[in-house]
Amino acid sequence: MERANLTIKEASDQLKERKISAVELTRAYLGRINALNEKINAYVTVDEQSALKAAEAADARIAKGEATPMTGIPIAHKDLFCTEGVQTTCGSRMLKGFKPPYDATVTTRLKESGAVILGKTNMDEFAMGSSTETSYYGVTRNPWDLERIPGGSSGGSAAAVAAGLCVAATGTDTGGSIRQPAAVTGITGLKPTYGRVSRYGMIAFASSLDQGGPMCRTAEDTAIMLQSIAGHDAKDSTSLNIETPDFSALLNKGIKGLKIGVPTECFGEGLEDDVRSAIDEAKKVFADAGAELVTISLPYTGVAIPTYYIIAPAEASSNLARYDGVKFGYRCENPNDLQDLYSRSRAEGFGSEVKRRIMLGTYVLSSGYYDAYYRRAQKARRLIANDFTKAFESVDAVLTPTTPGTAFKLGEKKDDPVQMYLSDIYTINVNLAGLPGMSLPCGFDGNNLPIGMQLIGKPLDEAGILRIAHTYQKETDWHSKAPDLSGIA
Ligand code: GLN
């Protein structure tokens, strides 16, 4: 298969017209994985046999005329979605060899829609990170420049889509982990409204922030994939029991008369010039399509990072208490007693970023510090959410950069957690407010590295931002660019 940038829409049309079979398509992607994964390390696990079996079933379904737009499409799952019988590591030594006895709801729904799951993608350990460098399974490389990070925590999924090692992939986003890797690898990724997509079977990091979503090449594909994973799930009590709109049907409504807010706080110090000018160009495209750009203010943007780094570690410290070396996961050798079993299993099973978060989390929740940190952070979270509520009284969507800069070099920020945390400065407040947000490509910097912009929608208005993104992608072709990997195959 020659093309790295095949979309779900194109592949699905070709399958329906019987120009290619799902088995042929799957074999082509497995071939690319064989040729390229060693260098890129996007996948932790490739499940060739199940993929080919699913592809055969997809071909039978297509022949019967019962295909969905996802039927026969080769995809990958972030290694945080439980997949029955298939190793699910969450990027951690703690879960090496763990084969869940059940599927996550997202996994189930994609299987039911007939998608072909090629394997599981690399990620920062327990989704903590912005570069995929905290994975126990080695770093993933950015297909645009192998010496650079693919973003994180869903860096494996982003690299896999960008390099054409799958047509689309799932990711999860607690503070930016779908949007930031999408931005730095030149793909389109969407974090849905909190509660739009079931978290059942998604290994928990920070439960009030975590949300799974699609990582694709285009807004059109994102709409298709979101359709198959969204919707109420009785197994997740925070899943919203509301109707799922027809995302694809709303894509072509145009953006005439829409108001897009541009927050001054997101275009100040720290933003690289190339990113700023790419977004300035994008604003012109929106204006030409009939949208009105309005300057707005999100005054609490500056407290998003400290607020997040209290709330997320607090929740993580509680969620990660289950890894005790007893029930499942890593267990140390020859423990002296129960205490030793707990402490050594955790000391040996978790990496240093995860330990940092657990310590931070238990600290901010401990008596005496709870009011000073955790309770204050919850109040700040409300103020951040109120910023958006107020903004959405006068605009339909908000436009910001996704990241302050393009992909940085591997190792550059690894030993400087605060610098790493700042990668998510524009994405984190969206999770704190529970809103839908997406990143889409809008240009390249001087080093030929992709630049992403972020669209933030009103609660449950994924359709609104997808429509803005689709309108932009009809006018531009950044989303169809693919890295040249001929030299490494
Ligand atoms: N980079 C952020 C963190 O390290 C966000 C991660 C995420 O969204 N999972 O926590």
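Order of appearance sets the numbers: ligands from 1, and atoms from 1 within every ligand. By convention here, the first residue in the shown sequence is residue 1.
At least one heavy atom of Y309 sits closer than 4.0 Å to an atom of ligand 1.
A tilted orientation is assigned to the rings of Y373 and Y363, their planes being inclined by 30° to 60°.
Distances between N or O atoms of D173 and those of ligand 1 include no value under 3.5 Å. Ligand 1 has an N or O atom lying under 3.5 Å from an N or O atom of G176, backbone or side chain. Taking only nitrogen or oxygen atoms, main chain and side chain alike, D424 reaches within less than 3.5 Å of ligand 1. Looking at ligand 1, you'll find an N or O of A127 within less than 3.5 Å of one of its N or O atoms.
Of all atoms in ligand 1, numbered sequentially from 1 with element shown, those under 4.0 Å from a heavy atom of F205 are 9 (N), 10 (O). Less than 4.0 angstrom separates some heavy atom of M128 from each of these atoms of ligand 1: 4 (O). Distances below 4.0 Å separate heavy atoms of S130 from the following atoms of ligand 1: 1 (N). Residue S153 approaches ligand 1 through these ligand atoms, each under 4.0 Å from one of its heavy atoms: 9 (N).
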Can S157 and T121 be said to form a side chain to side chain donor-acceptor pair (under 3.5 Å), step by step?
CA-CA 5 Å; S157 286; T121 59; 2.8 Å; yes

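Two rings, from Y308 and Y421, have their centers 6.0 Å or more apart. W144 has its ring centre less than 6.0 Å from the ring centre of F444.
Contacts with ligand 1 closer than 4.0 Å are made by heavy atoms of both the backbone and the side chain of T174. The part of Y308 lying near ligand 1 is the side chain, judged by heavy-atom distances below 4.0 Å. Only side-chain heavy atoms of R357 come within less than 4.0 Å of ligand 1; its backbone N, CA, C and O stay farther off. Under 4.0 angstrom from ligand 1, there are no non-hydrogen atoms of F126.
Remark: K283 is positioned above the aromatic ring of F267, its terminal NZ or CZ atom under 6.0 angstrom from the ring centre and at most 45 degrees off the axis. Seen from the ring of F408, K413 counts as a face-on cation partner, given the 6.0 Å and 45° thresholds.
Between the side chains of T400 and Q454, at least one donor N or O lies within less than 3.5 Å of an accepting N or O. Counted by atom type alone, E125 and T134 present zero donor-acceptor pairs between their side chains at under 3.5 Å.
Atom 7 (C) of ligand 1 has as its closest protein heavy atom S177 OG, 2.4 Å.
A salt bridge does not link R376 to D371: none of the charged nitrogens lies less than 4.0 Å from a carboxylate oxygen.
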